[in-house]
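These numbers come from the heavy atoms of this one structure, side chains and all, not from hydrogens, waters or symmetry mates. The model shown is predicted, which means the values in this text are computed figures rather than measured ones.
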Amino acid sequence: MKRGKYIGVLIGICTLVMFAGCYEPLDITESEMDMVAEYAAGVLVKHGTKATDTLLNRKEQEEAWAALATPTPRPTLAPVEDDKVPPTEKEENGDKMEKPTATPKPTPTAVPDNTEVTMQDLTNLFGKKDFFFRYSGYESTVLYQGADELFAAAGEGKKLVVVKFDVTNRSGKEATLVLNKGASKDFVFTLRSGNKTIRPSLTLLEEDFYTSYEVTYKAGETKNCVLVFECGEDVATDDMILTVLRDIEGKEDSVLVKVN
């Protein structure tokens, strides 16, 4: 019964619309007309035997219109960055990275010229207050004749480098100079040429510094003293360096002398 009632109301509304030209127009707004049409459609859908619910509710309509009105955003491609070294943990924390510094090369020990200052250093190293020591030159030979009848000779395929000093008694009286007396040596001498290090030879020469030297000087007297080094004939004698090292009770000190 209800279905027939609603169909009859719908037919009546449609008849009024069809014959509206023969009668005075209805006083109805456009908004009210939309409501009537929407109601009629709903009745047909609800009571029709073959109709399906294809109408969207208001919320679904608004979402559909919003989807049509809003264009789908295109993906934004990030700009390609230049290849860089990945930042370290310090850089990420805002700390500046220090540039690596090259390991400095060791500075070679400068050898001063054989000045009066150097000779004073050598004198102070020997620690003999009455005597002054001065380097006076060197001699390269296979046979060295001493101050007396004694001499030193090089072995086969060898040569001698004889380093010479002038030693002066600067006191006003007779004094005795004693160096390296006995088995215990207070002074160590080494001669260096390029990458070769040479130790002095033991000799019987009276003036040899290295062999238990003990000589008495008159007041103001100067004597010649030597160090004798035996080395191969191929050892260069240009710009050699003599090291005089003093080691007393574990305390070391040294002086370098240019042998040229």
query: To which residues is Tyr144 joined in a hydrophobic cluster, defined by side-chain heavy-atom contacts under 4.5 Å among Ile, Leu, Val, Met, Phe, Trp and Tyr, whether direct or through other members?
result: Leu150, Leu160, Val162, Leu204, Leu205, Val226, Val228
- prompt: Which pairs count as salt bridge (charged side-chain N to carboxylate O under 4.0 Å, His left out) when at least one residue sits in residues 162-175, sequence neighbours excluded?
  reply: Glu139-Lys164
Applying side chain to side chain donor-acceptor pair (under 3.5 Å), name anything that partners [X], two or more places apart in sequence or on another chain.
X: Ser140; value: none
X: Thr141; value: none
X: Arg246; value: none

- request: May I ask you to check whether over 12 heavy atoms, not counting those of Lys196, lie within 6.0 Å of atom NZ?
  value: no
Do [X] side-chain atoms and [Y] backbone N/O form a donor-acceptor pair below 3.5 Å?
X: Glu207; Y: Ala147; answer: yes
X: Ser193; Y: Ala236; answer: yes
X: Lys128; Y: Val178; answer: yes
X: Thr123; Y: Phe132; answer: no
X: Asp130; Y: Asn169; answer: no

field: Heavy-atom side-chain contact between Met240 and Asn260 under 4.5 Å
entry: no
message: Counting C-beta onward and ignoring hydrogens, is there a side-chain heavy-atom pair between Val215 and Leu177 closer than 4.5 Å?
response: no
Kindly compute the distance separating [atom1] ([X]) from [atom2] ([Y]), expressed to the nearest 0.5 Å.
X: Thr211; Y: Leu179; atom1: OG1; atom2: CG; result: 11.5 Å
X: Thr118; Y: Lys258; atom1: OG1; atom2: NZ; result: 9.0 Å
X: Thr237; Y: Leu191; atom1: OG1; atom2: CG; result: 10.0 Å
X: Leu242; Y: Ile198; atom1: CG; atom2: CD1; result: 11.0 Å
X: Leu227; Y: Thr203; atom1: CG; atom2: OG1; result: 9.5 Å
X: Phe133; Y: Asn124; atom1: CZ; atom2: CG; result: 10.5 Å

query: Should the pair Phe209 and Tyr213 be assigned to parallel (<30°), tilted (30 to 60°) or perpendicular (>60°) ring geometry?
result: perpendicular
query: Relative to the ring of Phe126, is the ring of Phe187 parallel (under 30°), tilted (30 to 60°) or perpendicular (over 60°)?
result: tilted
field: Which residues share a ring-ring contact (aromatic ring centres under 6.0 Å, His included) with Phe189, sequence neighbours left out
entry: none
Using every non-hydrogen atom in the two residues, find where [X] and [Y] come nearest and quote the distance to one decimal.
X: Tyr217; Y: Cys225; result: OH-SG, 3.6 Å
X: Lys158; Y: Val142; result: O-CG1, 3.9 Å
X: Lys223; Y: Thr216; result: CE-O, 3.6 Å
X: Thr243; Y: Leu256; result: OG1-CD2, 3.2 Å
X: Asn224; Y: Ser136; result: ND2-OG, 4.4 Å
X: Ala153; Y: Glu230; result: O-OE2, 4.3 Å

task: Kindly work out whether a path of hydrophobic side-chain contacts (I/L/V/M/F/W/Y, heavy atoms less than 4.5 Å apart) joins Val188 to Tyr135.
output: no
message: In this structure, would Phe229 and Leu245 fall into the same cluster of hydrophobic residues linked by side-chain contacts under 4.5 Å?
response: no
